[in-house]
Amino acid sequence: MTFRTRFAPSPTGYLHIGGARTALYCWLEARHRGGRFILRVEDTDRERSTAPAVQAILDGMSWLGLDPDEGPFFQTQRMDRYREVSRELLAAGKAYWAYESKEELEAMRAAALTRGEKPRYSGAYRDRNEPYREDPNRVLRFKNPREGKVVFDDKVKGRIEWDNAELDDLVLIRSDGFPTYNFAVVVDDIDMAITEVIRGDDHVNNTPRQINIYRALNVEPPGFAHLPMILGPDGQKLSKRHGAVSVMQYREDGYLPHALLNYLARLGWSHGDQEIFSIPEMIELFDIADVNQSAARFDMAKLGWLNQQYLKNDNPLEIARELAWHLHRLGIDPSAGGPCPVDVVIALRERVQTLKEMAQRARIWYAPISEWDEKAVAKHLRADGAADVLSAAHEKFVALKDWSPHAIHAAIEHLANEQGIGMGKIAQPLRVAITGTQVSPSIEQTIYLAGRDEALRRIDAAVKKAAM
RNA sequence: GCUCCCUUCGUCUAGCGGUCCAGGACGUCGCCCUCUCAAGGCGAAAACACGAGUUCGAUUCUCGUAGGGAGCGCCA
């Protein structure tokens, strides 16, 4: 039997970071075992499911490169199948019609709670054999075993045992004819031949109920692996308060998919001391059994570090493509003039952690200086001799045969020797002249990227400004 | 309230009874390098929640306690 995992989000919003990790682990485990990865959209909640959310999830997965081998399948297109299976259960005496109103159920729970018990369904209709009839309160309930226990070996949590006495008769088919989650998953996972259910550990409590449904259907349950939660940096549940929760927000914030994947993989899983994993390495080394059992906090600082690792080591050509996307967001069209984005990547990738920062810093080469750092002007432009140094540099640059970082560097060094001053005395005034600030990449890169004409113009302007 | 799950440096983690006065990474701090900012190099501070057992020996096994989380829906 081939190994099959599935990711089964409900389309009530974007793909969030927790869902992305679940998808990643399902995907990795399937790849690792040479199996198949299936995408199933659980849209039986007609109130909250939306088409844009479906699209958002698809977009998120595709940006991350987590492409399904099969699907997306939609539960709302499988209604006949759920009805069919529910009829089987009913015919086998493993399900029954119940007719309590919501108010009655509410009262039942409240009463149980005051007795110090779990708020559960009493099973009043369990043995009544009530026939089907049109009734707004009609639901089909599952006859959960009342004795014995359910035991399963969770791939990450270990052995989990549950007394059937703790479980009640859950609803299989709602009064509107739609299946409930617990029923639909089981039917789907059986039909889609899922061998390994990997999901968030908020589902641990549902697992015994689901296993009972498998048994009622005479099907051997799949393996289960329940992933611990991802917490916000403050240790609280991840929420919009924490900023980036949607996966696509990370794209906008300038992260590379590979960096996010690597971070997510390491959040809850590890392989010795290794921190950096290529995708093929992840596939080779990942094992769901090595996943940790406790919740982990999301740490932006480490994500940033990882992102920079990839910024520094990935092919600059590819990064330049991503950079162009961010430049456009800032209203810059790199094809309309200015330096080649590949050169910008090389100049900035050791100085920023995100592409967003990189694009912002790159502005100085694509647009005129918009704002002068007055402290920098006072300190470096109006310093003694700064204007002369700038003029001398201007001359050198005019005379340069070859406009390259190397040639520019040589010219500046030469000038330093001539004038008997340190590099700092030349580099800083030039930096302020070119960028308006005292922070930028190496001075030869900064000047080179401006282009000869623009560099000379800015130096001229700075000489004038120094005299003001 | 009940049931289930979790607990190693600030954070992510290694550790699967002795190799641990606990290793790595991010972050923090210091030094070096240096035209700024970074990157890089070197170094430092920093943890087994607590209490009982089991054992010759517990970070590692068992049970409690405390703390945290999840679930108890005609939501998924």
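Convention: sequence-line order gives letters A, B, ...; per-chain numbering from 1.
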Within the distance-only criterion (no hydrogens, no angle test), does the side chain of A:E29 pair as donor or acceptor with the backbone N or O of A:C26 below 3.5 angstrom?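 Checked: no pair found.
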
Side-chain donor/acceptor of A:D154 to backbone N/O of A:H226, under 3.5 Å: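 Side chain of A:D154 to backbone of A:H226: a pair is present.
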
For A:E84 and A:R78, what are the C-alpha separation, side-chain angles and deciding distance, and is it a salt bridge (charged side-chain N to carboxylate O under 4.0 Å, His left out)? CA-CA 10 Å; A:E84 188 183 343; A:R78 293 174 39 79; over 6 Å; no

Regarding [X], tell me which of base, sugar-phosphate or nothing describes its non-hydrogen contacts under 4.0 Å with the strands shown.
X	result
A:E444	base
A:R199	nothing
A:H226	nothing
A:K312	sugar-phosphate
A:G268	sugar-phosphate
A:E100	base
A:R349	nothing
A:D163	nothing
A:V171	sugar-phosphate
A:D168	nothing
A:L113	base

Using atom [atom1] of each nucleotide, how far apart are [N] and [M] to the nearest Å?
N	M	atom1	value
B:rA58	B:rU19	P	12 Å
B:rG30	B:rC37	P	14 Å
B:rU7	B:rG15	P	14 Å
B:rA70	B:rG64	C1'	22 Å
B:rG68	B:rG73	P	24 Å
B:rC6	B:rA44	C1'	33 Å
B:rA47	B:rG10	C1'	10 Å
B:rC9	B:rG23	C1'	12 Å

Can you see if the side chain of A:N206 gets near the phosphate of B:rC72 - specifically, an N or O under 4.0 Å from OP1 or OP2?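 A:N206 to B:rC72 OP1/OP2: no side-chain N or O under 4.0 Å.
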
N or O in side chain of A:T44 less than 4.0 angstrom from B:rA76 OP1/OP2: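 So the side-chain polar atoms of A:T44 do come within 4.0 Å of the phosphate oxygens OP1 or OP2 of B:rA76, strictly under.
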
The residue, A:L303 or A:K118, whose nearest nucleotide of RNA chain B is more 5′ is A:K118

Go nucleotide by nucleotide along RNA chain B from the 5' end; which of A:W305 and A:S101 gets its closest nucleotide reached first? A:W305

Check the side chains of A:T207 and A:R199 for a donor-acceptor pair under 3.5 angstrom, ignoring hydrogens and angles. yes

Indicate whether any N or O donor in one side chain lies under 3.5 Å from an N or O acceptor in the other, for A:D169 and A:Y96.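 Result is yes, a qualifying pair exists.
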
Rounded to the nearest Å, what distance is computed from the [atom1] atom of residue [X] to the [atom2] atom of nucleotide [N]?
X	N	atom1	atom2	answer
A:Q293	B:rG69	CD	C1'	14 Å
A:E166	B:rC72	CD	C1'	10 Å
A:N205	B:rC6	CG	C1'	13 Å
A:I230	B:rC6	CD1	C1'	16 Å
A:W269	B:rA25	CH2	C1'	14 Å
A:L231	B:rU11	CG	P	11 Å
A:E413	B:rC35	CD	P	9 Å
A:K375	B:rU36	NZ	P	17 Å

Given side chains that start at C-beta, do those of A:L260 and A:I17 come closer than 4.5 Å, heavy atoms only? yes

For B:rG30, which nucleotide is its Watson-Crick or G-U wobble mate, given both distances must be under 3.5 Å?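 Per the H-bond distance test, B:rC42.
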
Which base, if any, makes a Watson-Crick or G-U wobble pair with B:rU65, both distances under 3.5 Å? B:rA49

Taking the minimum atom-to-atom distance to the side chain of [X], which one of [options] wins?
X	options	value
A:D273	B:rA70, B:rG23, B:rG27	B:rG23
A:P119	B:rC74, B:rC12, B:rC72	B:rC72
A:R266	B:rC4, B:rC74, B:rG24	B:rG24
A:E350	B:rA70, B:rG1, B:rA39	B:rA39

Between A:Y25 and A:F286, how do the two ring planes meet: parallel, tilted or perpendicular, split at 30° and 60°? tilted

For the pair A:F298 and A:Y263, name the ring-plane relationship: parallel under 30°, tilted 30 to 60°, perpendicular over 60°. perpendicular

Could A:R6 and A:F37 be counted as a cation-pi pair, given that NZ or CZ must be under 6.0 Å from the ring centre and within 45° of the axis? no

State whether A:Y99 and A:R133 meet the cation-pi test: NZ (Lys) or CZ (Arg) under 6.0 Å from the six-membered ring centroid, and within 45° of the perpendicular axis.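 Judged by the rule, A:R133 and A:Y99 form a cation-pi pair.
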
Does any N or O donor sit under 3.5 Å from an N or O acceptor when you compare the side chain of [X] with the base of [N]?
X	N	result
A:S175	B:rC74	yes
A:E275	B:rC12	no
A:D202	B:rG71	no
A:R351	B:rC37	yes

Of the options A:I364, A:T446, A:L449, which is the one that meets A:I434 in a side-chain contact (heavy atoms from CB on, under 4.5 Å)?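 Option passing the side-chain contact (heavy atoms from CB on, under 4.5 Å) with A:I434: A:T446.
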
Residues forming a side-chain contact (heavy atoms from CB on, under 4.5 Å) with A:K102, sequence neighbours excluded: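 Partners of A:K102 under the side-chain contact (heavy atoms from CB on, under 4.5 Å) test: none.
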
Close N/O contacts between protein and nucleotides 61-63 of chain B (under 3.5 Å):
none

Could you go through the salt bridge (charged side-chain N to carboxylate O under 4.0 Å, His left out) check for A:R351 and A:E357 one step at a time? CA-CA 9 Å; A:R351 291 159 224 277; A:E357 279 178 82; over 6 Å; no

Name all residues meeting the salt bridge (charged side-chain N to carboxylate O under 4.0 Å, His left out) criterion together with A:R83; count only those two or more places apart in sequence or in a different chain, and write none if there are none.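 By the salt bridge (charged side-chain N to carboxylate O under 4.0 Å, His left out) rule, A:R83 matches A:D80.
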
What residues 150-159 of chain A contributes to the RNA chain B interface at heavy-atom separation below 4.0 Å is A:K157

Identify, residue by residue, the members of residues 426-442 of chain A with a heavy atom below 4.0 Å from RNA chain B, and return them in order of residue number, or none. A:A427, A:Q428, A:R431, A:Q438, A:V439, A:S440, A:P441, A:S442

Could you pull out the protein-nucleic contacts involving nucleotides 41-47 of chain B (nitrogen or oxygen on both sides, under 3.5 Å)?
none

